Structures are given as structure tokens and as C-alpha cells.
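Notes for the one structure printed next.
The structure presented is a predicted model; accordingly, all values stated were derived computationally and were not measured. In what follows, chains are A, B, ... by sequence order, proteins preceding strands, each numbered from 1. Only this structure's heavy atoms are used, side chains among them; waters, hydrogens and symmetry mates stay out.
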Number of protein chains: 6
Amino acid sequence: MTKILIVNPNTTASMTETIGAAARAVAASGTEIIAVTSAMGPVSIEGYYDEAFAVPGLIQALLNAPDADAAIVACFDDTGLDAARTAAHFPVVGICEAALVTAGQIAKRIAVVTTLPRSIVPLEELVRRYGYAERARVTACDVAVLDLDKPGSGAEAKLEAEIARALDKGAEAIVLGCAGMADLPQKLSRKFGVPVVDGVAAAVKQAEALAGLKLATSRRGSYASPGVKKYTGLLEEFAPSDPSLRGA
Amino acid sequence: MTKILIVNPNTTASMTETIGAAARAVAASGTEIIAVTSAMGPVSIEGYYDEAFAVPGLIQALLNAPDADAAIVACFDDTGLDAARTAAHFPVVGICEAALVTAGQIAKRIAVVTTLPRSIVPLEELVRRYGYAERARVTACDVAVLDLDKPGSGAEAKLEAEIARALDKGAEAIVLGCAGMADLPQKLSRKFGVPVVDGVAAAVKQAEALAGLKLATSRRGSYASPGVKKYTGLLEEFAPSDPSLRGA
Amino acid sequence: MTKILIVNPNTTASMTETIGAAARAVAASGTEIIAVTSAMGPVSIEGYYDEAFAVPGLIQALLNAPDADAAIVACFDDTGLDAARTAAHFPVVGICEAALVTAGQIAKRIAVVTTLPRSIVPLEELVRRYGYAERARVTACDVAVLDLDKPGSGAEAKLEAEIARALDKGAEAIVLGCAGMADLPQKLSRKFGVPVVDGVAAAVKQAEALAGLKLATSRRGSYASPGVKKYTGLLEEFAPSDPSLRGA
Amino acid sequence: MTKILIVNPNTTASMTETIGAAARAVAASGTEIIAVTSAMGPVSIEGYYDEAFAVPGLIQALLNAPDADAAIVACFDDTGLDAARTAAHFPVVGICEAALVTAGQIAKRIAVVTTLPRSIVPLEELVRRYGYAERARVTACDVAVLDLDKPGSGAEAKLEAEIARALDKGAEAIVLGCAGMADLPQKLSRKFGVPVVDGVAAAVKQAEALAGLKLATSRRGSYASPGVKKYTGLLEEFAPSDPSLRGA
Amino acid sequence: MTKILIVNPNTTASMTETIGAAARAVAASGTEIIAVTSAMGPVSIEGYYDEAFAVPGLIQALLNAPDADAAIVACFDDTGLDAARTAAHFPVVGICEAALVTAGQIAKRIAVVTTLPRSIVPLEELVRRYGYAERARVTACDVAVLDLDKPGSGAEAKLEAEIARALDKGAEAIVLGCAGMADLPQKLSRKFGVPVVDGVAAAVKQAEALAGLKLATSRRGSYASPGVKKYTGLLEEFAPSDPSLRGA
Amino acid sequence: MTKILIVNPNTTASMTETIGAAARAVAASGTEIIAVTSAMGPVSIEGYYDEAFAVPGLIQALLNAPDADAAIVACFDDTGLDAARTAAHFPVVGICEAALVTAGQIAKRIAVVTTLPRSIVPLEELVRRYGYAERARVTACDVAVLDLDKPGSGAEAKLEAEIARALDKGAEAIVLGCAGMADLPQKLSRKFGVPVVDGVAAAVKQAEALAGLKLATSRRGSYASPGVKKYTGLLEEFAPSDPSLRGA
């Protein structure tokens, strides 16, 4: 049995449910999905500021699950992914990175369609960091994260219009750029006749892959465990302790 | 049950066995591995010329397996991968690409250690195409492919020396740059204390991922099915026929 | 006397004639042009699959002409160019690469106008590999290769419309992205008032240049002669033999 | 009078003193330097994990200083810089970015010498993001941040040895890659005969520049003010409120 | 007192006045601005040819001002900047580079709006050299330099239309791409509600920064002082003499 | 008969002789080589400053030869090449660009070996601009230009040592990075067993190519003819006049 922890790094529990359901729908028979909601921070993550304040809750959720075999950060900004990898005793997968590596194996040109325009540049930075800048374009359908499943918000029509524009410009596959869109890929794929990749589903498979290969995050170089040191104030409890004491 | 076809695009059956064993060792419980040897072409693939002549045998093996759920090209040059994707009715995974996307999720800086120096530039071109040029360096341990498992060839010592050099220069994870090294990752990982990724194992997981997500190669743009047309001479039989006749 | 072999790597003899005529029109007085049609493979090359199956016929044509001073691969995908360079005893020029290096010496921004949209991405990959990604854009006029000279196909009007669009977006010179357009550059250049470069003509001059400088393909590194080894099945005859036996 | 707030985002007050002194030493006559120590988080910032937990304290310090004309984040990782820019009512300068733009105007090739090897990759990512990847190399002298001014730690000798190596490899100017080195540039510049740039000093000048030009962070696109929304738990107080209420 | 020399490398004195006024408007209280007009060369600099012939006049002006603390080349092509840096005894700032490093600290995506289309490619080359190619787009408003302040030329309307287009495409800040626009930033910034950066003003601050930090151009590597040698003909007087004789 | 003008942009006539001889040695039978020495400027071109002052003499030489079919700028910095292209009525070839496009067709990895270390960065900038940054490394053998053919200077031994180092690091072909090395390629190629490309010889062939294809520099965009305007002072005579008056 492989235990995969999915952390929704925002505090909106209904979104965690959508995410958990999408994850379970694609999980292998031997995979257990544990979807948790962050206990602190923003109700949705839109832009650099929200991102920064979502990290402590994310890390807390990871540290509270010492027996997971792999974990997923279920926000398309891959919020706090690098910090999470240094902290967790198991591999950690980001849904943006997972979606890109998946789409990249079935298509040469990719469109990432996200929610608000303010997220375009942060996602472009991720796309470049992951090496997909020449292959993936980022666009926004101009819908707030929490409006995605609000009836009457027109969200789906806006998303579909943006997908159509991306295909016109040469996209060969679509990546849905928000964890809140995790229930849509099948429907959109049928409608547009191209692969549509949801990051949550893609991340479940990447997490199963890393767990199945018994691969752990490298401790050499940039992902070395945090050095033991003192933290003060509100965040005191997050001070890195001796990893050998934490069972690493 | 997921059926994964692994094609060894060279004609050396003993290498297919190593590959098949490595694949089965990591396959999920519901995965059937079918490892086949190419029926025509070079006994090993070293450089651009061998690569070109390995493609027809690879394509033939793919077309002979219409009921696979996914396939793997088991040569680290990802020989003929683009042609394979346009031809096959199922997703096709390359072991170089699979190894890079896997290593990239557990380490920031990667060393790819291949066999002969003549393969460095072709692999650098792949690494760049996949978007890992800033993160992955390619080096060679100067061992011919078919010497890898010859007793007394000194192959393993040369490979280990090259890995040590790569770690000194900042590599955080190692990718083994030849399908013939598929039996070595655990041993090397223990020895050097860093993740060591074998492309065959990584590709099994990526193939399971694509099959599990029911994602097919995009038919829009560069991976469109080959247009129906006449081929002549020796290669006549490979002429693309109407895909609807082939059950696509 | 310099002997330049031009191989049309598709099997359509009428296209070889267009290519041969374009080559002879620009050849220096001391240059003999030998235009040959591939004896096996696809009637036209459109996309990755056709490309792969055009390579054996191309290599055969090169090996059958041991006394050439230089050769040209006359398909804009530069089909099999790397394999050809390792195999031939004389330098080999690709028409895409030749067109880009030529256009790049008379203009800073280049538009490559090719036939079908499915060829855009393969050509973008070539353009990037050759180092022209920042300077050259690839577009398609949506005409099949074999329709280029069909009366009533509207091919020329579509090509001209695409050129006009490219100039509007800042192109300073046009590269014709298909060997089948080799008869058009003068006419289009007069019409649009910008340099129009045909790859076949450009390649003749690059082949004359390399032959005139007595430069051979480097045998150090990635273009080393293929190692002597066994090939089996349909492609057995292509097995690399001892180059010293082939007069290299 | 221009008020420049310098936030040391770690909690080590002695380091704030070094930083404040270095800042005052280069400040213009009309500039007031206010150096503050973060009230929460790690005692030193080494790697992704520490970085993440330094952000809330940094943001708090910025929000507590509504009347500054510009601010500086005084950690060479430019910790939380993007979040800081969306939150603050005044421009915010990072010492890594400031050092690079300064060094880039007096030299073509730059070496950034930082403390621990684990910081090399995070800094390389910054350097790339800022556009200096082709011009700046990052190396480490293998000294922990808090050992920099410990007598007997051998820190200075290690730093000098690393600078010498960088000059041998072609560096034309040196950037000191840690705020804790702010007292060293003059001495090192004299010793090696090349410009040595300290990020703190450079940032004071960039902050004076932005304040003097009355330029504010753009609110269009990625640096838009955080949307008003609820934050929960430990970090509740950081919830973005209506900027008009905050006097923006 | 800091003495900043601003050289207008074209010979149009009225433009020097605009430039000098813009510089004085932002100079710190302790800064003296000395604006000089080149004594030889083109009346305006538009394209590579004019650029080349503006360099001797620029160098002459720099060599005539041995007691400056820093200098500015006030043409947005950063005409002759590299040569100027090797020749001058004080740091030299280019207005294009200064504008980019300034805008880059308050916005992620930048639009550079210049005068004539023929300047787009030269500026794109600068932008790439400075490392801003992924962040800054260059466009032209199609107004000749000397028409910028001609009443009735429609120049301002064209410039504003181009700015509006750039913002629509995602620009977060505007850089004015000609020294002749130095009087417009405040007005345009108010109109469009985004930061508008003028290179002259930005350069004054960068010059103050370098002078304040007592940083000189590196003499190691590419900016080494010109070797002493003979020049002949018209340009004889520019022959590099022994720098120790020139008080360096 | 094709007339090719070679301008040595430095004023050392003995170097023009070496260059002219190298050019004639490879020129086609129908090619006339006219080698001229610049009438003003530096005796050798080493670094940005010399480069700038070599341009007027170069342009003068080009304007004095209205009936050439093509021209070559015979300094490896491609001194003033862009300005030359806008000014001349015939195509202009740079020896650095010509050498790179030539070497790039016979090798994947190239080493450019130049004279002084100060030229490395300027050449790296050229190499990047031409698109060869991923394929070509620049190194220096630390010999001054005018010492290249001085008996007893040890120049040749230093050059050979540098070539050996470059081959060890993976170079597949060598480009000689100074016009003053034009007499060495055959000898070095024999010694090292790899292609050695001299820029002067390569440029003759590129000039023959452009002339043979009747291709002219594009007048659209960045290479548009200089606008008619006034120049003053020493350089007055270089003012662009109406091209129709100059017979363009």
C-alpha cells in the first residue's frame, strides 16, 4: 500500500474535496490518498503574497504525516515546493511540474491556462525554471480561484474560450493551471479533441512513480535537510531539529 | 491490467533481458511488461548512424503490438521517439526523457553518465530539447555499450569514477545514460548516497502514469498521424495507411 | 571540377528535377551537379514519421557516390543530416542550415515559410539547434508538398499571403522552407523587395565553399565514423564496415 | 530627507548592526537609514527552508514602517522579495539584485561568492531570473553565515581563496554573496585590484535611486496589491486588508 | 560634490538641453550635472551607421573631462558604451542599461518604446546583452528622433498609442526608448497609471550610485585600458597613450 | 568575374598581405581579390576601444569601392560589420561569422582560439549574437596580434598548446580567432587531425556564395540604408547622402 498525502495549501476545505476526488479517481489500486487542508494561511492563493503565507501551513501538514510515502502540493504555483522538499522525509511533487512533465510526453507545444492575469508571470517563472519555456505558453481566463465552481460565474465559458484561443495559436495539449479545475479534464478533452492535463491527477501518478522507484529527494546540495538552528517568535515551532530525532 | 511494451531498439537479445528484468522489478502489480527485441538494425546504438538504422525495427515492433496501453523505447538516445509517437496508437515513453523528468523532481542538478564520448553531444541535444540544459550535464565513462556487462572490462570501475567526478562538480542526482546499465541503480545509490535513476525503471513509471491517466499522444500539430502516402523499395511496407483501417 | 551530389530524399523524381535545375542555375562554372532521387521511402516528407523512413534511401545514395566532393540533402527538414555526416567521405550540407546561415548574413530577422503546419515544430527544433531561434520565426502556408506545383491548387497565392504576414511582423528576409519551392525565389524577391533565400541554391554555395576549402567533417566526437558492427534483417546491408576498406 | 528601511530578515541582531553600519557608510547626506531585525523566524538563512520561514517576519517589518521611502531586504537570497513588493507602499530592493545590476555596469563577467554550497543553486536561480546567467558565476567559500565574523574560523582566508579562484577563471568583478560580508569590500578590492561589490551598499544606492525618481512598484500584473481575503490560524493577522484603509 | 558628465553623442544642442534639464530635475542635492554636446558626428542617431560615427565625438567629450566622478552616454542605443568604459577614468553609465535595471526593480514585464522601427533590432540586441530579453519587449512608435518635440508632428499621440498597446500585451512598466523623450515620464505615468522610466533620469541615479560607492570600471578582462599603440590618419589623436600619463 | 574587396580594418599593411594571400589561395577561378588596408585608425585591433576607431577607416574603404560584388571585414571582431552592411551597396561578410557558419557545418562543438584574453568577452558576445553560444567556446593563447608572426615570440607554440587544451575539452573543430593567423590552418589541421577553419578563407567562400546567389543585404528593418542627415566636425564627410545619388 502506497500512502500519498495531498496538501491543499489554501484553507478552503471544499477545494480539498474536489482535489481529493480527482486524486482518488486516478490513483492506482494500491494507493491510498490522504487529502488535507492547510490549517493556517490564505483561503485561496493568488499571487506572490498569498503564496508566501501558505508555506508554513503546508510545511506543518507535511511534518504531521511522517509515514507518507510521497506528498503532493496541490496549488498550481507549486507553493513552497523547494522548502517542502528539504523538510519532508518523502518525495514531494508539485502539480505544475507534474502537469508539465506529463503533457511534455504527449505533445510538443503546451498551453497552461490559469485563473487570474496576476498569476501569469509567477507561472511563467515556474515554467522557465522547469525547462518548458520554449514549449509552454501561460494564459489566464480571468476567473478568481473561488469563482471556478460558482454557478452563474461564467467561469467555464471563459475557460473554454481561452482554450480555444490557445489551440488556434498552436498548442497541442492543454494544462489546467489551477487545482480548482481538477474536475474538468475529461469533459474538456472530449470537447476540444486534444489531451487536457490536470495537475492533481498528473501529480498522483508522479508521486506513485517516485514512491514505486523508492527514490527520495537528494540530500546533496540545494535540497539538503535544513540545518539545525533556532527560530524565534510566532514561527518558533518550525525550527529545524536534528533530523535523526525526527526519524529521517 | 496495463500492458506496457518495451522495445529494445537494438538487436541484442541479452540486453533486452536486462531491460525486461529491470522493468519488471519496478512495475506495479497490475502491470504486464512485454519486452521485445528489434528484428532489424544494429546490435548496439552508438551515435547518429546507428540511431537512424534502429528506427524501422522500432516502429515495426510498435505496429506489431496494437493492444499495448503504452510503450517504451529502451535506448537512452530516445531513438526514433518522435516518429514512434506519431505512429503508435498508445503513448510512447523515452528512457532519457523519463529519467530526466524523474530526477528533476528529486534534485536540482543532475549528471547524466553515458557510455562513449561520441554520445555526449547527441545526449546534450536531447537534454536541451527536453528543457534540462541548465540543470543536467552529460559525461561519458568511455565504455562501449556491449562491454558494460563483460567481466574484466573494468566497466563498473570506470562508471563509478565518472560518477564521483560528477558529484564533485555539484551533481545532486545521477542518471544512468544507457539502457544497459539498468541493473545498477540500487547498488550505486547505496555506494554514493545520492539518488541514481535508471531510465528503464523511470520509463515504466511514466508509462504507467500516462496509461493510468488515459492520456494519448496529441494528434494536433507535430505529432499528427502520418499522412497516407506511398513508400517504395525496401521500406515499402512502412507506408502509412489509413489510420481508421488500423483501428486507431 | 567540383562534383556536388544532391540527394532528394523523397522518391518523387519530378521534384528532383526542380531541385537539380535550381542547383545548376547557381552552380559555379567549375561545379558539376549530380541530382539523384532516393530509391526507397516516402514520396514526400511531411513530419517525423516520413523523415525517419527517408534516411536509409538517403544514406544509400551517399554511399553509392564515393567520388563526390560534397553532398546536399535536399529536404528542408535536413532529414538524416547527422547520420549522413558520419557516413559520407565528403562534407554534407543541409538545405535548412544552408538557408539560415545565408539569410543570416544579409538580414537580422528571418521568416521561414514552410508547407504544412505539422512541419512548424520540427523546423523550430532545427532552427533552435542551429542557433537561429532568436532571429528566425517559422510559419506554414498550409500547402502539401506535392501540391506546390499543381496548377489550380492556389499554392502560390497562399505562400505569398504568408510571406506578406511575416514581413508585417518584422521579417527582414524570407527563407523558403521546402525544396519544392526552389524555382520561386527570384520572382518572390522582386515582388516583395526583400531577399528570398531558397535552401537548394544556398546549399550549392555552401557545398562549393566546403569543397573549395578542402574541409571534411570532423571525425572527433559526435561525427566520428560509425563503429564497425553487425546489422541484421532488412537493413543488414547498411552495417558500418571498416572505413579503411571503403577508401575513407 | 529620504528614509530607507533595511530589514535583516534573520533574527540575529549583531548582523543587523554590521548591515546598518555598512549602509550608513555609503548613504547620501540626505538619507536616513533605519535598520531593523526581524522579530520572528530563523537566526540565519541558509537554503530554501530557512528562506520560507523568514518571510513573515520580513513582511511584518515592512508593514510596521508605513512612512519609509524605500526598503531593502538584507539577505542575499532576496528572501521574500516578490511578496514584499506586492505588500509594501514603497519600492523594495533586494541586495542580490542590487549587487548584480551594480557590478554589471562596471564589469562584463562577475563572480558571486557566497557562504555554503547549499546556497549555490538557489543563487543561480536568482541570477538567472535577474538575467545575469551568462555573465555571473556563483561559487561558495564553505563558511556558515554565523561563522563569518567568528575569530579563528578561518572564514576570511577561505573567502579570499575562493575570490582568487574566481579571478583565475575570468571574473572581472566580485560580488559578495552574503549580507554578513558587508564590512569587507574595500579591503578585498584593494587586495585583489578589482571592484568588489557588497549587496547592502549597492542596495542603499538603488533604494536612493528609486526614491529619488519617485518610482513605485507597478501595481499592474504580477506585483498587484494582494487581493483582500481571509487568512486563518497562526498567520491570520497577515490577511491583506483593503489597501485604501492602509493608506496606500 | 559629485560631478556627473552627461554626453549627448549626437550634435543637436537643443536635445542636450532637454537631457540636461531632465538630469538636473532628479539629481541629488550634492550632484553637479555637466551636459555637453558631441563636437562631431550625426545630428541624430538612428541605426547602426549613425551609431558608429557618434563614438569618436563621445570619446572626445569623455577624455576632455578628466575630473568627472561618473559619466552618462545619453543615447538610448548606449552608443559606444563599451569603448567609453575602457577609455574613461570614471564609471560610465548607459541610459538604456540604467533604464532597464531601474524598471526591473519595480516591475517584472517591461515595454521599451522607441522611435523608429529600424531601432527595434539594435535595441533588442542590447536588451538581450543586458539580460532582459525574457522580461522586456521593444516596440517603436514610428516617430523620427528630431520630430519628437516638433509641434504638429503627432509624435505624442503616436507614443501614447504604442504605450497603450504594450500595456494590453502585459507590460507592467514602460521604458522610454529615446533620450529625446526625457521630458515625458511624469505626464505619461499619471495618464497610464504605471511606472514610466526615462533613461536619462535613471542614469543620473546609477551614476550617483557608482560614484557614491567609489566603484570604478574593472580593468581586468574586457574593460582593460586600451593598449598603447599608434593610430593613423584622421583619428590619429585618439591613439591610446600611456594611462599613467593621463592621470588614470 | 566576381570582385571581392577585403578590408583589413587595421592599418598594418603586412597583415593585409597575409590576409590577401590567404584569400587568393582559396578563391574560385572566377574571383578577383582586392585586399586593402584601412587608411586611418589603429595598427591592430584589440578590445572595444580599438574596434570603435577602426570603423571609419573600414567604411571609407567600402565606400571607395563601389563596383565590388561583395566585401569582407578582415578582423575577427567583425569590427563595424553592422554599420558596414547598412552602408555598402554589396553584401558584407565578417570573418568571425563566416568561420562559425563554416565550422558549424562540419562539427557540432567548436573552439575559437583568439589572441589576447581581453578579446574573449567581445568574441563571446559575437558568438552568442550569431547563435553559436551553445556550440562554441572562446579561449585565448595570450599572444598580441602583431607578435603572431614575430620570430622568437613563441606565438605558435602558445597557439598549439591552447588548441590541444580545447580538443581535450571536447572541441571537434578549431576556429582561428584572428585574421593574422590566416596562414596557419593547413599546418594545424594536419598536426591535430581535426578541421581548422581560418576566418579569412571561410569569408571568401561566403562572399562568393552571396555574390553567386545575387543576394543583397536586406533594406527592410535594421539594415535599412542610413537616413540622409548632417554630420559635423572631423567626420563630416561620412554623412549619409541620398543613396540614389550614390548609385545604390
Practice task
Considering non-hydrogen atoms only, spot the tightest contact between E:Pro56 and F:Leu235 and give its length.
Solution key: CG-CD1, 3.7 Å

Practice task
For each of E:Val43, E:Val121, E:Thr11, tally heavy-atom pairs with chain F at distances under 4.5 Å, and name the one with the top tally.
Solution key: E:Val43

Handout entry: Under 4.5 Å from a heavy atom of chain E, the part of F:Glu237 involved
Key = side chain

Handout entry: F:Thr232 to E:Ala39 - nearest heavy-atom pair and separation
Key = OG1-O, 4.0 Å

Completion exercise
Output for pair (E:Met40 CE, F:Leu234 CG), nearest 0.5 Å, gives 5.0 Å

Practice task
Could you tell me the separation between the NZ atom of F:Lys229 and the CD1 atom of E:Ile45, rounded to the nearest 0.5 Å?
Solution key: 8.0 Å

Exercise for the section: Can you tell which part of F:Ile59 gets under 4.5 Å to a heavy atom of chain E, answering side chain, backbone, both or neither? Expected result: side chain

Exercise for the section: Taking E:Arg118 for its side chain and F:Ser225 for its backbone only, find out whether a donor-acceptor pair lies under 3.5 Å. Expected result: yes

Exercise for the section: Count the heavy atoms of every other residue, nucleotide or ligand shown that sit under 6.0 Å from CZ of E:Arg219, and state whether that count exceeds 12. Expected result: yes

Practice task
Heavy-atom pairs under 4.5 Å with chain F are the metric here; pick the option from E:Gly41, E:Ala144, E:Gly47 that has the most.
Solution key: E:Gly41

Exercise for the section: Against chain F, work out which of E:Ser38, E:Gly233, E:Gly80 has the most heavy-atom pairs shorter than 4.5 Å and name it. Expected result: E:Gly233

Exercise for the section: Answer yes or no: is there a side-chain heavy-atom contact under 4.5 Å between E:Pro240 and F:Asp50? Expected result: yes

Completion exercise
Cut-off 4.5 Å, heavy atoms of chain F, and the answer for E:Glu124 is neither

Exercise for the section: Sort F:Glu125 into side chain, backbone, both or neither according to what part of it lies under 4.5 angstrom from a heavy atom of chain E. Expected result: side chain

Practice task
With a 4.5 angstrom heavy-atom cut-off, could you sort out which part of F:Ser44 is near chain E: side chain, backbone, both or neither?
Solution key: both

Problem - Closest approach of F:Tyr231 to E:Phe53 (non-hydrogen atoms, all atoms of both residues) - result: CE2-CB, 3.4 Å

Practice task
Considering non-hydrogen atoms only, spot the tightest contact between E:Tyr48 and F:Asp82 and give its length.
Solution key: CG-CB, 3.5 Å

Practice task
Please flag which part of F:Pro117 lies under 4.5 Å from any non-hydrogen atom of chain E: side chain, backbone, both or neither.
Solution key: neither

Practice task
Determine the option with the most heavy-atom pairs under 4.5 angstrom with chain E, choosing from F:Ala239, F:Ala83, F:Pro42.
Solution key: F:Pro42

